[in-house]
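The structure appears right after this line, and notes come after that.
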Amino acid sequence: MNKWTPLVLAAFLLLSQTSAQELLLPASTSEKVDCEKLLVEYRELYKRSPQRMYYVKMYDCLLELKDYKEAVNLAEAHIRRTNEPEGVYLVDVAFAKARMGDRKTEEKILNRVLESINKNPQFAYQIGQALSDKGYFEAALRLYEIAEKINPSFNFSYQKALLYADLGQLEKMYDTYIEILERSPSMAYTVKNLFNRIMAPDGGEDNFDYITQKLRTKALSQKNPVMTDVLTYIYNATNDFASAFEFLKEWHEKSDYGAIGEIYEIASQALKNQQYDLAISGFDWVIAHSSNANYSMRANLSRQLALTLKALNTPTNPETVIAVVTDSEKLIQIQGINFNTLPLAEATARLMAFKANQKDKALDLIESLVKLPGQNPNEKALLLITKGDIYLSMKEFMLAIVAYARAEEVADNELIKDDAKFARAKAIYYSGDVPWALEIFEILQESTSKPISNDATAYASKILLNSGGDTTYEAMTYYAHADMFYYVGEYQKAHKILDYVIQTYTNHPIQDDAYLLKAKTFEAQGLYQQAVQWYEKVYTVFGYELLADQAIYQAAVLYEEKLNEPSKAKELYELIVMQFIDSFLHNQARLRLRALLNKQSS
């Protein structure tokens, strides 16, 4: 696997700016005919004015037409007509000679190009870029090194880093990044951008241990804040908040700069990524080390928010839930209802409603937040969505629908409007009014929000596929009620309805959906062995039909993360990769499989 592929792309994007206007070479026979016509036109233009842009287009056309001899003649003639460094065009001569199969002459010309830098090192950038553009990466690298040796004031670290990327020499590339940061601290933003390209979705195939260890050592030994900034950026971008936290604690102890603000931000990022324990540890550290009252207050609120969200989103015993609710209420009472306490208060209301069976108190708290003076319309809409969620958990369908409709009306952000509309459609669906819900889901398929559009499409498809000629939507209505009980966490009721659906509608297309929801319900209860058994039934009983990829993927994740059976997880990820190429889960399965294999080989 070529780990350097994303950086080749980065190098191309950064090095091709001067050639971006060059002719796009024809690919088909008809386009070659067009190239012949273009060549005639560019020759006329070039005769009148021998500009580089006309030369480049003529040269590219000659290459496409495989008239390499004429390409050599053109490049040699242009050298005599231009004041630009001859090395730029000698590269074109060498490239055309290589196409002719004359490797000996190609090598001779490239050596001549390198020797020319001894006399004119000031042309190194232009000639080096010409070499890079033609794929002569090693020659370009050597040229920059010669120029830097002749004139130590030259700094081609950036260009060399890109060339090391092209050559797949990652450790040398990383060493050059370090060199860039040491010689030109102002280039930190550029170095971050280069890392950002590597860490783009589906591009993160590199192991960053080498560069993170190098940066860590340099940062601590030199007390270098630029190295610290870039290292923290890498940790943050790769969601390695634990390493960032440990490093910043050491940096705080050993440097004169401190790291309270940085650790607060890392803890906040960990919280956003649902790494609750790490977030709590980070905020605890800030509280213990900060003498700034504002930081301490914010860290206290954020710590309690992390505790609240952890209790809300992870299996938590009832006693702990009540203790968290009590502590949150006390902190909100001390700080008052305001914009600083709003996130904690909203999360506390959800915890009250969904885990502490304090729904009326939750509604009162949300109502006090909705009435907060100066409320942003979109924040108010989000609170009304929460209000609707609480009513839905109470099975007060009409009140939930009204709250969602009000949120849709209040919001001035189209995505939030669609969120509210989608929530309203789900409430209508849960209530059993399947036709009305279907109408809204079909409208939302055109949403500008891809997640909402995808979810709406999934619900609409589910209803249409499982209804058929059943105009009463009887089986679908039962399934919707089970789905509602699963949503609000009343799992035994969900199981009871699903068992009835499975036993009663034996030949109905709703069967595989019912099996899948059974599996998801067991998973939500933490009964992972039962969950994988039902996931397996989906694709063994019903074959590789519509829901098979979802069932296989979820079973694989459970085997990997909960049941500690990586070999079974590997088999299922491989099944998706090999058999479900068009699935929306294909890429996720591939990435998980790759990570699993890397873990097993290390």
- Would Glu246 and Lys249 satisfy salt bridge (charged side-chain N to carboxylate O under 4.0 Å, His left out), going step by step from the backbone distance to the final call? CA-CA 5 Å; Glu246 290 306 312; Lys249 285 194 294 184; 3.2 Å; yes

- Message: Would Tyr276 and Asn313 count as a side-chain hydrogen bond (donor to acceptor under 3.5 Å, both in side chains) here? Give the steps.
- Response: CA-CA 10 Å; Tyr276 300 120; Asn313 296 315; 3.0 Å; yes

- Evaluation steps, ring-ring contact (aromatic ring centres under 6.0 Å, His included), between Tyr539 and Tyr544: CA-CA 6 Å; Tyr539 58 87; Tyr544 292 172; 7.0 Å; no

- Task: Before giving the answer on side chain to side chain contact (heavy atoms under 4.5 Å, CB included), spell out for Tyr164 and Tyr174 the whole-Å C-alpha distance, their side-chain angles and the decisive distance to 0.1 Å.
- Result: CA-CA 9 Å; Tyr164 285 131; Tyr174 289 145; over 6 Å; no

- Verdict with reasoning, Leu181 to Met187, per side chain to side chain contact (heavy atoms under 4.5 Å, CB included): CA-CA 6 Å; Leu181 294 173; Met187 289 284 284; 5.6 Å; no

- Task: Evaluate side chain to side chain contact (heavy atoms under 4.5 Å, CB included) for Leu170 paired with Tyr210, printing each intermediate quantity in order.
- Result: CA-CA 9 Å; Leu170 294 183; Tyr210 181 86; over 6 Å; no

- Task: Go through the steps for Glu265 and Asn236 under the test side chain to side chain contact (heavy atoms under 4.5 Å, CB included), then give the verdict.
- Result: CA-CA 10 Å; Glu265 288 303 318; Asn236 200 22; over 6 Å; no

- Report the C-alpha distance between Tyr189 and Asp229 in whole Å, list the side-chain angles of each, state the deciding distance to 0.1 Å, and finish with yes or no for side-chain hydrogen bond (donor to acceptor under 3.5 Å, both in side chains). CA-CA 10 Å; Tyr189 179 78; Asp229 178 50; over 6 Å; no

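In the model, Asn196 has a side-chain atom that pairs as donor or acceptor with a side-chain atom of Tyr233 under 3.5 Å. Residues Gln525 and His495 have side chains that bring a donor and an acceptor to within less than 3.5 angstrom of each other. Using modelled atom types and a 3.5 Å distance limit, the side chains of Tyr404 and Asp389 yield a donor-acceptor pair. Looking at Tyr535 and Gln550, their side chains never bring a donor and an acceptor atom within 3.5 Å of each other. Inspection of the Asp418 and Ser449 side chains reveals no N or O donor paired with an N or O acceptor under 3.5 Å. Under the 3.5 Å distance criterion, with hydrogens and angles disregarded, a donor-acceptor pair is assigned to the side chains of Arg592 and Tyr553.
Shown here for Leu384 and Ala403, the closest heavy-atom pair between the two residues is O-CB, 3.7 Å. Closest non-hydrogen pair, Ala161 versus Ile180, comes out as CB-CD1, 4.4 Å. Nearest heavy-atom pair, Gln304 versus Val324, reported as atom, atom and distance to 0.1 Å: NE2-O, 3.4 Å. Listed here is the closest heavy atom pair of Thr314 and Lys355: O-NZ, 3.2 Å. The shortest heavy-atom contact between Ala514 and Val501 is CB-CG1, 4.2 Å. Minimum heavy-atom separation, Arg350 to Thr386: NH2-OG1, 3.4 Å.
Using the six-membered ring where Trp is involved, Tyr505 and Tyr478 have ring planes that are tilted, between 30° and 60° apart. Ring pair Tyr459/Phe441 is parallel by interplanar angle, where below 30° counts as parallel and above 60° as perpendicular.
Lys395 is listed as a side-chain neighbour of Glu490, based on a closest heavy-atom distance under 4.5 Å. Here the side chains of Asp582 and His586 are not in contact, with every heavy-atom distance at 4.5 Å or above. Side-chain contact between Tyr429 and Tyr479 is present, with at least one heavy-atom pair separated by less than 4.5 Å. Counting only heavy atoms from C-beta outward, the side chains of Met173 and Gln169 never approach each other to under 4.5 Å. Within the 4.5 Å cutoff, the side chain of Lys310 has no heavy atoms near those of the Gln275 side chain. Residues Tyr528 and Phe522 form no side-chain contact, since every pair of their non-hydrogen atoms from C-beta on lies 4.5 Å or further apart. Counting heavy atoms from C-beta outward, Leu305 and Leu301 have side chains that stay 4.5 Å or more apart. The shortest distance between side-chain heavy atoms of Leu597 and Leu593 falls below 4.5 Å.
Between Glu560 and Lys570 there is no salt bridge, since none of the side-chain N atoms of the basic residue sits less than 4.0 Å from a carboxylate O of the acidic one. The pair Glu571-Lys568 does not meet the salt-bridge criterion, since no charged nitrogen lies less than 4.0 angstrom from a carboxylate oxygen. Using a cut-off of 4.0 Å between Lys/Arg side-chain N and Asp/Glu carboxylate O, Asp512 and Lys537 are scored as not salt-bridged.
Screening Ile452, Thr448, Asn454 for a side-chain contact (heavy atoms from CB on, under 4.5 Å) with Lys450, the sole residue that qualifies is Asn454.
In terms of modelled atom types and a separation under 3.5 Å, the side chain of Ser302 and the main chain of Ala299 share no donor-acceptor contact. A donor-acceptor contact shorter than 3.5 Å is absent between the side chain of Gln530 and the backbone of Ala519. A donor-acceptor pair is defined here as one N or O able to donate and one able to accept, closer than 3.5 Å; no such pair exists between the side chain of Thr308 and the backbone of Thr348. Side-chain N or O atoms of Asp549 include none that pairs as donor or acceptor with a backbone N or O of Phe580 at under 3.5 Å. Of the possible polar contacts, one joining the Asn466 side chain to the Lys462 backbone as a donor-acceptor pair under 3.5 Å is found. Side chain of Asn239 to backbone of Asn273: no donor-acceptor contact under 3.5 angstrom is found. The backbone N or O of Tyr473 lies less than 3.5 Å from a partner atom in the side chain of Thr477, making a donor-acceptor pair.
By the salt bridge (Lys or Arg N to Asp or Glu O under 4.0 Å) test, Lys417 pairs with no residue at all, sequence neighbours left out.
To the nearest 0.5 Å, atoms CG (Asn378) and CG (Asn413) are separated by 5.0 Å. We find the CD1-CG distance between Ile510 and Leu517 to be 9.5 Å, quoted to the nearest 0.5 Å. For the atom pair CG of Leu141 and NZ of Lys160, the computed distance is 7.0 Å after rounding to the nearest 0.5 Å. Distance check: Thr212 OG1 to Ile234 CD1 gives 7.0 Å after rounding to the nearest 0.5 Å. Here the CG atom belonging to Asp419 is positioned 7.5 Å from the CG atom belonging to Leu382, to the nearest 0.5 angstrom. Rounded to the nearest 0.5 angstrom, Leu585 CG and Arg590 CZ are separated by 13.0 Å.
Two rings, from Tyr177 and Phe195, have their centers less than 6.0 Å apart. Centroid-to-centroid, the aromatic rings of Tyr491 and Phe485 stay 6.0 Å apart or farther. Residues Phe241 and Tyr235 keep their aromatic ring centres 6.0 Å or farther apart. For Tyr264 and Phe283, the gap between ring centers is short of 6.0 Å. Tyr430 and Tyr487 have their aromatic ring centers within a separation under 6.0 angstrom.
The environment of CD in Glu565 is crowded: more than 12 heavy-atom neighbours from other residues, nucleotides or ligands sit within 6.0 Å.
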